[in-house]
Every structure is written in structure tokens, then in C-alpha cells.
There are 2 protein chains.
Amino acid sequence: MPYRPTERTEARRTATREGIVAAALAQVADGGYASAGVQVVAERAAVAVGTVYRHFPSKGDLFAEAFRRASQRELDLVVRVTEPDGRSARERVAAGVEAFARRALAGPVLAYALLAEPVDPAVEAERLRFRTGYRDAFARVLEDGVRDGELSPHDTHTVAAALVGALGEALVGPLSATMRSRAHSAEPSAAGQGGAKEPLVATLVQFCEEALPRAHERVHA
Amino acid sequence: MPYRPTERTEARRTATREGIVAAALAQVADGGYASAGVQVVAERAAVAVGTVYRHFPSKGDLFAEAFRRASQRELDLVVRVTEPDGRSARERVAAGVEAFARRALAGPVLAYALLAEPVDPAVEAERLRFRTGYRDAFARVLEDGVRDGELSPHDTHTVAAALVGALGEALVGPLSATMRSRAHSAEPSAAGQGGAKEPLVATLVQFCEEALPRAHERVHA
DNA sequence: CGAAGCTGTGAATCGTGATTCACTTCTTCG
DNA sequence: CGAAGAAGTGAATCACGATTCACAGCTTCG
């Protein structure tokens, strides 16, 4: 049995694979999913088209993985900042909303792709999974709030979904606006930012805080 | 000059055209956009493929028109029930939310297609236009509320978008769930409905009412 | 070295569904 | 009726990007 894969070759293999995923993500992050053909990604990864298919069974699988990684990063962040510690449910929701919004506005093209751009079914499925993730993260906070008597009992799943939807929809407009203006000037982070981000974040945080069904007597922050 | 279009032929032409639009919409309403190829629509309209192209420059244009009509109906309804009359902004928002949710749950497949299903860019553009329509309808109510001192001043556009997003996201789950269960049993409106709709509607109405930034002193319903 | 098995290559192929167009059928009017 | 212009037809074509695959180049080990 003359050939046996070794540590070194396996490392090389992994490196190539990672390069392809990275290229796919990079392409989505700066041209959107629409721009991300297999050809283009392969070129970007300095690899032949066939190589992509030696590492992934299909385009859908490749991008599902790329989306999964990017989304996981974001979701982890939101989960982290909403984790139970001394804070009230309200504060925890606010922290999650703020983190979500800030990250999205920082990387608008990727955020738009992750959030709203038309994609393959396999990728869409990944998107769905992560939306569910966000929803569950918020739902957990809401349940804690109900248990502790801070919030009145309610359909936490639906309310959490509504929070996620509110964030998404309110951000998609500004996100695509930023993308459009970027299309003109060449490079990122130019002089006058697309739009004032802070007020937008503040509005969203307030909206989401208010929307929570507080228990009869208020605790005032 | 031997031939001149006349009233009768023009009527026939219009009828054919209408038939095609209706077929397109019907197809979307019961198989989703994914099922709506030009071929299929043509058959459904009892017309040849070429005829479709004699009436519409492209598939995108056909479906853009079909979506436009369906969406306009829905939007008109929401605009109507949120129109200013004696009611408070809160009540008007609640009425809009309720109407939106009820209609969506009544025609889940169409609602899903209108709201969230992946579609052609031309159709997506139409969708965007109508989301903006809903947003503006709610924004108008919010502005009235601010003017009348019922609500505190705020970014009405963003809040309105958040309301629309909350509705959309909270409904998409139940909508696709209903669709999936419909896929099993053959005909609509069978015995045990997909899920209890009323509580869902109530949750959404309450969520949206709560989320509005009320002026300092509360009016209590 | 050379057999065996792996990864990399990229031009050619394939699938899908929108779109075309040469032809037939219908309608109008001198 | 017959010319002329319009609507209808549907098999053939086309566009486009994902996918394949025969071949070339490494890597391992007896």
C-alpha cells in the first residue's frame, strides 16, 4: 500500500479548503452573493474551478459553510452579550440589539447578504437556522424575565421573532443605502459616513426595550 | 389601410392579458413562486408560451405586475384601516397590524410569496416598493401621534420599518408551517387548522402597541 | 525507482428554463 | 373576396453558470 495521507498533506488540504471558504466569504462581503460565482471564487482563492468541487460537493454546500461561519460569529456575539448575569431582561435585550445593529452597520454588504439578499436554497436554509438562533437567544432572555417577574407572561417565541424581524427590516434600508453609496466612491471608510449610525442604534434599542411586555409594576431601570 | 383595431378586439386582447396575470397569481398562490414557470402559467391561462411574450416583455415584468396587484390589494386594506378618524394612533396601528396579520394567515402561500420567498430581481423590486408602502402607512400614523402629543417624538421611519419587520418575521414562521402541513392533506380548510391564529394576532397587536414610544403620561387605552 | 493514490486543472459538457420566430389563424375594411 | 395588419402558437434555440472528467503533477512507501 504505497501511499498514505500524512499530517503535512492533510494540512495542505485543509489550507486549500480554508482558502476557498475565505475567498467565498470575501467575495460575498464585497460584491454580495450575486457576484459570487464558482469561477470568481476559485480565481480569488487562486485555485481552479475543479478544485472547489474536490472540496465541496456543490456551490450550495460551499456557501452554506461560508454563511454558517460568518453567521456563527455574529450569533455567538449576541448570545454572549445577552447571557444572564446580574442584569435585567431589558438590559440584556438592549445589549443584544445594540451588538447586532452595530455589527451589521460595520459590515453592511456582508450583513445584507446574511440578512436579506436572495440566495440558493441550501444557503437560505442556513440563514433560517441562524434567524432561529437569534430568536432563541432573545426568547431565552424573555423567559428569564418572565420567570423573575420582570416581564408579564407572553408568547416569548413570537415576540422574540418580532424583535429579530424589527432589527432586520429596520437595518436593511440603511444597509443597502450604504452599499449603494459605497458603489460610487472606491474604497471603504471614506470621509462622510453613509448615515448617522448612532441615532439609528439608539432608536432600535429603545424600540425593542419598549416592546417588551413589562409586568404591571415597573422597576424603573 | 385594411385593418384597424377595434373595441371588440381590444377587449379580447385585454381579456387574454388579464387571464395571464390571473394565472400567474393563481399559480403563485397555490404553488409559490418557485412553481411558477412561464410554461406552467401559460398552460394555466390556456394560452401558448409565445402569447405570454406577446403581452409581457419578460417573465420578470409579468410577475412584477402580478405581485403589484396582489400587494396593492393588501396595502390598500392596511392604508384604509389606519386612516385618520377619531381614533388614537395606538388604535390605528393596532388595526393595521391586525388587518395585515389576518390577511396573511388567511392566504399563507401567497403571503409567503409576497413577503419572503426568493424571487426575480424585478419582482423583488416590487416587493421592496410595497414594504416601503406599509412602512409609510405606519409612519403616517406615528407622525399623527407625535403631532397630537400622544407619542413622543422619534424616528418614525425607522420605527415604522421595525413594525413591518416584526410583523413579517413573526408571520413567516407560522406561514411556512401552515404551508408545510397543507402539503400533506389535499384541500384547504380541513378540520384542525394549522395553528391557533387568534393568539398570534393578539400577541402581535400587543407587541406593536407596546413598542410605540408613548408620551410621558400614559392615556390608558 | 515505480506503483498507487491523492490533489489540482480548466476546457468541455450539461441542465434548466426563459426567450425567439416562422408560421397559422383571426379580424378589418376597400 | 383579398390585402394587410394583429394575435396566437409551440418547437427550437439560447444563455448562463454549475458541474464533470480525462489528464497532469505531487507525495508516500516498498
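Bear in mind that the values here come from a model prediction, so they are computed numbers and not experimental data. Throughout, protein chains are lettered first and strands after them, A, B, ... in sequence-line order, and every chain is numbered starting at 1.
Taking CD of B:Glu83 as the start and CG of B:Asp144 as the end, the distance is 11.0 Å to the nearest 0.5 Å.
Using a cutoff of 4.0 Å between basic side-chain nitrogens and carboxylate oxygens, B:Arg127 and B:Glu117 are not scored as salt-bridged. Classification of A:Glu169 and B:Arg135 as a salt-bridged pair fails, no side-chain N sitting under 4.0 Å from a carboxylate O. Ion pairing between a basic and an acidic side chain is recognised when a charged N comes within 4.0 Å of a carboxylate O; B:Glu124 and B:Arg129 show no such pairing. Residues B:Arg102 and B:Glu198 are paired through a salt bridge, judged by an N-O separation under 4.0 Å between the basic side chain and the carboxylate. Salt-bridge formation is detected for the pair A:Arg44/A:Asp30: a Lys NZ or Arg NE/NH1/NH2 atom is positioned less than 4.0 Å from an Asp or Glu carboxylate oxygen.
A close approach under 4.0 Å does not occur between any side-chain nitrogen or oxygen of B:Thr51 and OP1 or OP2 of D:dA7. OP1 or OP2 of C:dT7 has not a single side-chain nitrogen or oxygen of A:His55 nearer than 4.0 Å.
By the 6.0 Å contact criterion, CZ on B:Arg103 is open, its count of non-hydrogen atoms from other residues, nucleotides or ligands being 12 or less. Counting heavy atoms of neighbouring residues, nucleotides and ligands inside a 6.0 Å radius, atom CZ of A:Arg68 exceeds 12 of them.
Under 3.5 Å, the side chains of B:Ser35 and B:Gln27 contain a donor-acceptor pair of N or O atoms.
For the side chain to side chain contact (heavy atoms under 4.5 Å, CB included) criterion with A:Leu77, the lone passing option out of A:Leu75, A:Val79, A:Val81 is A:Val81.
A:Tyr3 places its OH atom 17 Å from the P atom of D:dG25, with the value rounded to the nearest Å. The CZ-C1' distance, from A:Arg4 to D:dC26, rounds to 17 Å in whole Å.
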Quiz item: Going 5' to 3' along nucleotides 19-24 of chain D, which nucleotides have protein heavy atoms under 4.0 Å from the base (write B), which only from the sugar-phosphate (write S), and which from neither (write -)?
Solution: BB----
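Proximity of residues 5-35 of chain A to DNA chain C (heavy atom under 4.0 angstrom from any strand atom) is restricted to A:Arg13, A:Thr16.
For the pair B:Lys59 and B:Phe56, the cation-pi test (distance below 6.0 Å, angle within 45°) is failed.
Closest contact between the side chain of A:Pro2 and the listed nucleotides C:dG10, C:dA3, D:dT9 involves C:dA3.
Each end of the helix from C:dC1-D:dG30 to C:dG30-D:dC1 gets its own axis, taken as the rotation carrying the C1' atoms of four end pairs onto the next four within a five-pair window, and the two axes meet at 20° to the nearest 10 degrees.
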